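Single-structure report; data block below.
Residue numbers count from 1 along this sequence. Bear in mind the structure is a predicted one, so any value in this text is a computation, not a measurement. Values reported hereafter were calculated over all heavy atoms of this structure, with side chains retained and with hydrogens, waters and symmetry mates removed.
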Amino acid sequence: MAETQFYTEKFRVMDCDCDMNHRLTPGAFLRMAQQISTDQCDSIGMNDDFYRENHAVFLLAKLALQVDRMPRGGEVLTLVTMPEQCKRAVFRRVTEARDEQGERVALLDSRWVLVDTGTRRILRRPPQAFEIGDFKDEVPFTLDVTIRKPDETAPAGRVTATYSRCDTNGHMNNTRYADAAADALPLEVFRTGAVKSLVISYHNELPAGQSASLVRGRTESGGWYVAGQREDGRPCFEAVLAVE
């Protein structure tokens, strides 16, 4: 396997990934980050065949996104992704985005767990094949992934794992929870504001065709809390967005 510690790609901000203010949506940025993560793994041989042979797959547990400036349509971003070795059953990956002037526009700190595809249990000790030299012992930057719940919440609609929201795992893609959280907020919030930070905690997958009921509330710091509960009563996800 070729040695890759810092993997870099360029992405153009497509108009179709922008909001009413021609700004990149947080969900669209997460899809860029997901793509470069997949490409980096592919480059060192961690492809679909690799996961099938080892009966394991990465699932996203938590993420924190910090936005210095939300990019606009037409901009070209340089993303650098930095994966870290497993620590206490968690693989951390940091992805940084810079604009054409070299200024950082966003930073993503994501926490992944390795799951046995047969039992669906977290692998506390990853198989030897996942002890990858291309993943560093330490990566720079750490963001707070804590979710702070408000005292009160109110119903905020539902989200369904429809065809266009699902991925090859047969459940709603992790980036679509960012879309669902943003969509649960009053539209007026985004007419004058943009997402400055986003934290998501993933609890239970939302399988294709199933729905989750949503609630929202305001945190003490002024952020927006959004949570989803599956039809079987199990929590689906929680998110906190700061919009300024």
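Under the 4.0 Å criterion applied to side-chain N and carboxylate O atoms, E238 and R148 are not assigned as salt-bridge partners. D99 and R69 are joined by a salt bridge, as a carboxylate oxygen and a charged side-chain nitrogen come within less than 4.0 angstrom of each other. In this structure, R158 pairs ionically with E231, as a charged nitrogen and a carboxylate oxygen lie closer than 4.0 Å.
Judged by distance alone, the side chains of S221 and T219 do bring a donor and an acceptor atom under 3.5 Å apart. Between the side chains of R31 and T175, at least one donor N or O sits under 3.5 Å from an acceptor N or O. T78 and K10 share a donor-acceptor pair across their side chains, judged by distance under 3.5 Å alone.
Seen from the ring of W112, R93 does not count as a face-on cation partner, given the 6.0 Å and 45° thresholds. Figure legend: cation-pi geometry between R104 and F141, with NZ or CZ positioned under 6.0 Å from the six-membered ring centre and within 45° of its axis.
L143 and L107 get closest at one heavy-atom pair: CD1-O, 3.5 Å.
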Item to complete: Take E96 and R98 through the test salt bridge (Lys or Arg N to Asp or Glu O under 4.0 Å) and record every step on the way to the result.
Response: CA-CA 7 Å; E96 184 182 42; R98 293 186 175 272; 3.1 Å; yes

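Placement of L77 and L63 within a single hydrophobic cluster is found when ILVMFWY residues are connected by side-chain heavy-atom separations under 4.5 Å, directly or transitively. A continuous path of ILVMFWY side-chain contacts below 4.5 Å connects F58 to I200, so both sit in one hydrophobic cluster.
In this structure a side-chain-to-backbone donor-acceptor pair under 3.5 Å is missing from R165 to A180. In this structure, the side chain of R230 does not engage the main chain of R234 through any donor-acceptor pair within 3.5 Å.
Remark: K149 NZ is loosely packed, at most 12 non-hydrogen atoms of other residues, nucleotides or ligands lying under 6.0 Å away.
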